[in-house]
Student: 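Just dropping this structure here.
A quick note: this is a predicted structure, and the numbers were derived from the prediction, not measured. Numbering of ligands and ligand atoms starts at 1, following listing order. Just so you know, these numbers use all the heavy atoms, side chains as well, and skip hydrogens, waters and symmetry mates.
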Amino acid sequence: MPQGIAILGSTGSIGQNALRVIDALGPDYEVVALSAHSSVELLAEQTRRYRPRFVALANGDCAAEFRALVDGLDTEILTGPESLTELAESDQVETVLTAVVGAAGLPSALAAARSGKRLAIANKEPLVVAGELLTRVARENGSTLVPVDSEHSAVFQSMQSGRSSEVSKILLTGSGGPFRGATRQELEAVTREQALAHPTWQMGPKITIDSATLMNKALEVIEAKWLFDVPVETVEVLIHPESIVHSLVEFVDGSVIAQLGEPDMCLPIQYALTYPKRVAGLSKPLRLEEIGRLHFERPAAETFRALPLAYEVAQTGGTAPAVFNAANEAAVENFLAERIRFLQIMELVEHCLDKHDVRGTATLDELLEADAWARRQVSDRVKQKV
Ligand code: NDP
Ligand code: MG
């Protein structure tokens, strides 16, 4: 029987790459379910091509338009924000690839973990917002979490050289984004287009802006803490502009094990689906002699405030990471809409963290409340012209 896969967020950058990976993997892997928010035309095209048993459209307002486009197909159509959760729980699905952007993917990721599915996680924000809850629910229900994020896939692969108790350090690499080496003064004037021009990776707009502020690396530090069950201080960031060494693990005996490859998400997506097996796939072979040199440096934490904040919020715990993430999501939306300047993204995040009364041990409802509170704060502040 082929492995039945649900791709949540199939119209996005990861989602579309995942479909290419599944095409190349052949008949052992079957697309059983797809979902989008409102990209009806692309979702309809994918539905006609893959004939999944279910599709979910989170934005119910587009339902009629979508139904008209796929008229006559025997795919079951679910609509509304809850529809992704239904897909994640379906008996026909063995593996859920979460490729939704933002905390909006939390309910469906939790549902997949609760139903004991293999969870291939690209959508990092739910792990930041509710890492304790999500990893606990997965553990209690026998759900395997396999990272798709390239750094975490590299760590996951490197971890197989030792036991978790033998790890002394996790070194997450990051390209440094388009503004590596810039001063705060230079960052004052950067435009949306400059921030969207990532030097090494092709990704959706939100994560591309997060890469420019280093918020992406900050979220990844917290993501690593939960995925690998380590204190946050064990996770360090190393800037590596070529994006070839995807991350490294240092063990207690001093050995450092890394995973290398071209900057292409197809490999980590594929590994999350085939793990523990490896099969030939789409990735281009790595030719180190053509690359020649690899560089590493410390991140500029004074310029890119997201990184020190990540350690603070991870140590504080409770509702703090949820506020950190939601304030950033809302601020990035405003930056993409050209309502605020680049440096104001992190100012808004810091403002929300300063004003927030942290709840130490937070329930799902409290986390969602903190998330909504931070989004309102950002919106009010932007309306007052920051
Ligand atoms: P994109 O913006 O390209 O795609 C997002 C997907 O999520 C789309 O299918 C979109 O549908 C859907 N979506 C958006 N909002 C909602 C919502 N409220 N409810 C349900 N579905 C929604 O993002 P990426 O593919 O770049 O990133 C996805 C996730 O993977 C992020 O968490 C990111 O951090 C992570 N990631 C991405 C990498 C990359 O290379 N892109 C690398 C590592 C991690 P629609 O098209 O209809 O809007
Ligand atoms: Mg990454």
Student: Which of the atoms of ligand 1 are close to A36, meaning less than 4.0 Å from one of its heavy atoms?
Tutor: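 Answer, ordered by atom number: 11 (O), 47 (O).
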Student: Looking at ligand 1, would S38 count as a contact under a 4.0 Å heavy-atom criterion?
Tutor: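 S38: in contact with ligand 1 (<4.0 Å).
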Student: Which is closest to atom 19 (N) of ligand 1 in terms of heavy atoms, S10, P268, A58, P205?
Tutor: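 Selected option, by shortest heavy-atom distance: A58.
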Student: For a side-chain contact (heavy atoms from CB on, under 4.5 Å) with V167, tell me which candidate from D229, V155, V249 qualifies.
Tutor: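 Per the side-chain contact (heavy atoms from CB on, under 4.5 Å) rule, the option paired with V167 is V249, out of D229, V155, V249.
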Student: Evaluate the side chain to side chain contact (heavy atoms under 4.5 Å, CB included) criterion for residues V21 and M265: first the C-alpha distance (whole Å), next the side-chain angles of each, then the deciding distance (0.1 Å), finally the verdict.
Tutor: CA-CA 10 Å; V21 167; M265 287 308 295; over 6 Å; no
Student: Does F179 have its ring centroid less than 6.0 Å away from the ring centroid of F342?
Tutor: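 Judged by ring-centre distance (under 6.0 Å), F179 and F342 do meet the cut-off.
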Student: Any idea which atoms of ligand 1 are less than 4.0 Å away from a heavy-atom of G12?
Tutor: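 Counting atoms of ligand 1 from 1, those under 4.0 Å from G12 are 1 (P), 3 (O), 4 (O), 8 (C), 9 (O), 25 (O).
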Student: Note the single closest protein heavy atom to atom 45 (P) of ligand 1, along with its residue, its atom name and the distance in Å.
Tutor: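 Answer, as residue, atom name and distance: S39 OG, 3.3 Å.
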Student: Nearest protein heavy atom to atom 14 (C) of ligand 1, by residue and atom, and its distance?
Tutor: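 The answer is V101 CG1, 3.7 Å.
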Student: If you measure from the Lys or Arg side-chain nitrogens to the Asp or Glu carboxylate oxygens, is any gap between E233 and K225 under 4.0 Å?
Tutor: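 Answer for the salt bridge query: no.
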Student: Which bit of K124 gets closer than 4.0 Å to ligand 1, counting heavy atoms only: side chain, backbone, both or neither?
Tutor: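 For K124, the contact with ligand 1 is made by both the backbone and the side chain.
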Student: Which of the atoms in ligand 1, numbered in the order shown and given with their element, are less than 4.0 Å from a heavy-atom of G9?
Tutor: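 The list of qualifying atoms is 6 (C), 7 (O), 9 (O).
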Student: Any idea which of D149, T98, L8, V40 brings a heavy atom closest to atom 43 (C) of ligand 1?
Tutor: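 Residue with the shortest heavy-atom distance to the ligand atom: D149.
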Student: Which residue holds the protein heavy atom closest to atom 3 (O) of ligand 1, what is that atom called, and what is the gap in Å?
Tutor: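 Here the nearest protein heavy atom works out to S13 N, 2.9 Å.
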Student: Is the shortest distance from a heavy atom of K206 to ligand 1 less than 4.0 Å?
Tutor: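 Under 4.0 Å: no for K206.
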Student: Using the side chain to side chain contact (heavy atoms under 4.5 Å, CB included) rule, take S211 and W201 through it: C-alpha gap first, then chi angles, then the decisive distance, then the call.
Tutor: CA-CA 10 Å; S211 301; W201 292 98; over 6 Å; no
Student: Who's the nearest protein heavy-atom neighbour of atom 11 (O) of ligand 1, and how far?
Tutor: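 It is H37 N, 3.1 Å.
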Student: Just which atoms of ligand 1 are under 4.0 Å from any heavy atom in G204?
Tutor: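 The list of qualifying atoms is 3 (O), 26 (O), 41 (N).
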Student: Looking from the Mg ion (ligand 2), what is the angle between OE2 on E220 and OE1 on E151, to the nearest 10°?
Tutor: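 Seen from the Mg ion (ligand 2), OE2 and OE1 are separated by roughly 100°.
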Student: Just wondering, are more than 12 heavy atoms of other shown residues or ligands nearer than 6.0 Å to CG in D253?
Tutor: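 Counting neighbours around CG of D253, more than 12 heavy atoms of other residues, nucleotides or ligands fall under 6.0 Å, so yes.
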Student: Can you list the atoms of ligand 1 that are under 4.0 Å from a heavy atom of A104?
Tutor: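 Those atoms are 17 (C), 18 (N).
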Student: Among K355, R381, R305, exactly one meets salt bridge (Lys or Arg N to Asp or Glu O under 4.0 Å) together with E350. Which residue is that?
Tutor: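 It is R305; the other options fail the test.
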Student: Heavy atoms, side chains only, cut-off 4.5 Å: are V40 and L43 in contact?
Tutor: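 When only atoms from C-beta onward are counted, L43 and V40 do not touch, as no gap falls below 4.5 Å.
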Student: Please determine if E125 has a nitrogen or oxygen closer than 3.5 Å to a nitrogen or oxygen of ligand 1.
Tutor: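 Yes.
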Student: Could you say whether the N/O atoms of N216 and ligand 1 ever approach to under 3.5 Å?
Tutor: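 N/O-N/O distance under 3.5 Å: no.
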Student: I'd like the atom name of the N/O/S atom in D149 lying closest to the Mg ion (ligand 2).
Tutor: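 D149's closest N, O or S atom to the Mg ion (ligand 2) is named OD1.
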Student: Considering heavy atoms of the protein only, find what lies nearest to atom 30 (O) of ligand 1 and give residue, atom and distance to 0.1 Å.
Tutor: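 Ranking protein heavy atoms by distance from atom 30 (O) of ligand 1, first comes A122 O, 3.4 Å.
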Student: Nearest to atom 29 (C) of ligand 1 by heavy atom, V100, L219, I207, I14: which?
Tutor: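 The option holding the nearest heavy atom is V100.
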Student: Can you tell if the side chain of D149 reaches within under 4.5 Å of the side chain of I121, non-hydrogen atoms only?
Tutor: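 Contact flag for D149/I121 side chains = no.
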Student: Between T11 and ligand 1, find which residue part has any heavy-atom pair under 4.0 Å and reply side chain, backbone, both or neither.
Tutor: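 Within the 4.0 Å criterion, T11 contacts ligand 1 through backbone and side-chain atoms alike.
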Student: Does either side chain, that of H240 or that of E242, offer a donor lying less than 3.5 Å from an acceptor on the other one?
Tutor: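 There is such a pair between these side chains.
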Student: Might you point out which heavy atoms bring G317 and V358 nearest each other, and give the distance in Å?
Tutor: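 Of all heavy-atom pairs spanning G317 and V358, the closest is O-CG1, 3.8 Å.
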Student: Quick one: closest heavy-atom pair of Q160 and Y275, and the distance?
Tutor: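 What the structure gives for the nearest pair is NE2-CE1, 3.9 Å.
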Student: Taking only heavy atoms of A99, which atoms of ligand 1 are found under 4.0 Å from at least one of them?
Tutor: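 Counting atoms of ligand 1 from 1, those under 4.0 Å from A99 are 5 (C), 6 (C), 7 (O), 28 (C).
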Student: Parallel, tilted or perpendicular: which fits the ring planes of F156 and Y271, with parallel below 30° and perpendicular above 60°?
Tutor: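 It falls in the perpendicular class, over 60°.
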